[in-house]
2 protein chains.
Amino acid sequence: MLSNACKYAIRSVLYLAIHSNELKKIGVKAITEELETPQPFLAKLLQQLSRDNLVSSTKGPNGGFFLSDIDKQNTIWNVIESIDGTDKFDNCFLGLKKCNGENPCPVHFIVVPFKETILADFRDKTIEKYVASMEGTRQVITLKDLDSF
Amino acid sequence: MLSNACKYAIRSVLYLAIHSNELKKIGVKAITEELETPQPFLAKLLQQLSRDNLVSSTKGPNGGFFLSDIDKQNTIWNVIESIDGTDKFDNCFLGLKKCNGENPCPVHFIVVPFKETILADFRDKTIEKYVASMEGTRQVITLKDLDSF
DNA sequence: TGGAAAAAAGACATCATTATCTTTTTTACT
DNA sequence: AGTAAAAAAGATAATGATGTCTTTTTTCCA
Ligand code: FES
Ligand code: FES
């Protein structure tokens, strides 16, 4: 469904939402250590997210990445748009040209409710709200931050 | 989720289940035209399925692929095992090392019910039953076979 | 003002998936 | 027996995703 790149990106954004702010920036190195992702690869992804104004960054000593309050008003969906594009969400699970209820493949009516649920989650919640709801249910984005809340 | 290869394979098997039998074999060319898949690529996949006894075939004039009654007792899950392997079904949707309810990622409780539903569908229904239930609900595996039932 | 820290940018390398091409084997039919 | 049809097998190519390396730019701080 999502590429590795996109998974890394989403977890990075959530990580930054939880652990960073304008006053506490985090370097690529620290992020990759936490998320256990390849370092230069994640750097590229963060550059991309930065270009699309989904994360903020400053160069130089004590620089690093962080999420501003404005950044936190974006959604996971925006991250997916930036890294993977969202086309694939329209594809049929079994590879039919079109996914629709008129000519449904055998798993269509299993897949669509799932897709709608997760899509609503990604599209309608801001990063800020996303993180808030994670705290409530003790969900994690890295095994290392089990005790972060 | 599934690779293109696996999607092609699943649709081929279902296609053969519907349209072929010991007396009516179908060549690669005809199948690829129906399913709109790359011809030599699908040939490879059918070879693989044949090696794993998921489809039957005969060489020579009037030869081709078909599903025997025994073949129809297999499942979609067997096809996935043969082409993609089933490891990825255990992976976390957001790329965590492990997917489990103790350290769930933010979408874990959305993904798991879907996975269980579709997995049950793939694992517990024989191809034969699968096709039978398709007929009931007018589901398709190619836009071309809308009028096949 | 010089040096170091960090992101940004660009070029390059590796790998798996996807796809094609060619040759061989089997088999039916004349 | 000879020929043609079809799958089987093996070699090769193209593509995109993944990952790395090097250089440049920006910025802080001493
Ligand atoms: S038609 Fe296949 S998932 Fe909708
Ligand atoms: S932990 Fe992510 S899907 Fe289960």
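So that the names make sense, note that chain A is the first sequence line, chain B the second, and so on, each numbered from 1. Everything quoted here is computed from the prediction, not taken from an experiment.
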Residues that A/Phe65 engages under ring-ring contact (aromatic ring centres under 6.0 Å, His included), provided they are two or more places apart: none
Short side-chain N/O contact from B/Ser57 to OP1 or OP2 of D/dA8, under 4.0 Å: yes
With sequence neighbours excluded, residues passing side chain to side chain contact (heavy atoms under 4.5 Å, CB included) with B/Ser56: B/Phe66, B/Ser68, B/Asp71
Pairing residues for A/Asn53 by the side chain to side chain contact (heavy atoms under 4.5 Å, CB included) criterion, not counting sequence neighbours: none
A/Lys88: partners by salt bridge (Lys or Arg N to Asp or Glu O under 4.0 Å), with sequence neighbours left out: A/Asp84
Distance, rounded to the nearest Å, where B/Phe66 contributes CZ and D/dA6 contributes C1': 14 Å
Sugar-phosphate, base or nothing in reach of B/Gly60, heavy atoms under 4.0 Å: base
Cluster link B/Val112 to B/Phe89, ILVMFWY, side chain under 4.5 Å: no
N or O in side chain of B/Asn62 less than 4.0 angstrom from D/dA5 OP1/OP2: no
Set of side-chain hydrogen bond (donor to acceptor under 3.5 Å, both in side chains) partners for B/Arg123, sequence neighbours left out: none
Atom-pair distance (CG on A/Asp52; P on C/dA7), nearest Å: 18 Å
Distance in angstrom units between A/Leu49 CG and C/dA9 P, rounded: 13 Å
Euclidean distance, atom NZ of residue A/Lys24 to atom P of C/dA6 [Å, nearest integer]: 15 Å
Protein-nucleotide distance (B/Lys25, atom NZ; D/dA6, atom P), rounded to Å: 12 Å
Under-4.0 Å side-chain N/O to phosphate OP1/OP2 contact, B/Thr58 with C/dT27: no
Nearest-nucleotide pick for A/Lys59, side chain only, options being D/dT26, C/dA28, C/dT26: D/dT26
Whole-Å gap separating P (C/dT27) and CZ (B/Phe65): 14 Å
Annotated protein contacts, base or backbone, on nucleotides 9-23 of chain D with a non-hydrogen cut-off under 4.0 Å, one of B, S, - each: BB-------SBB---
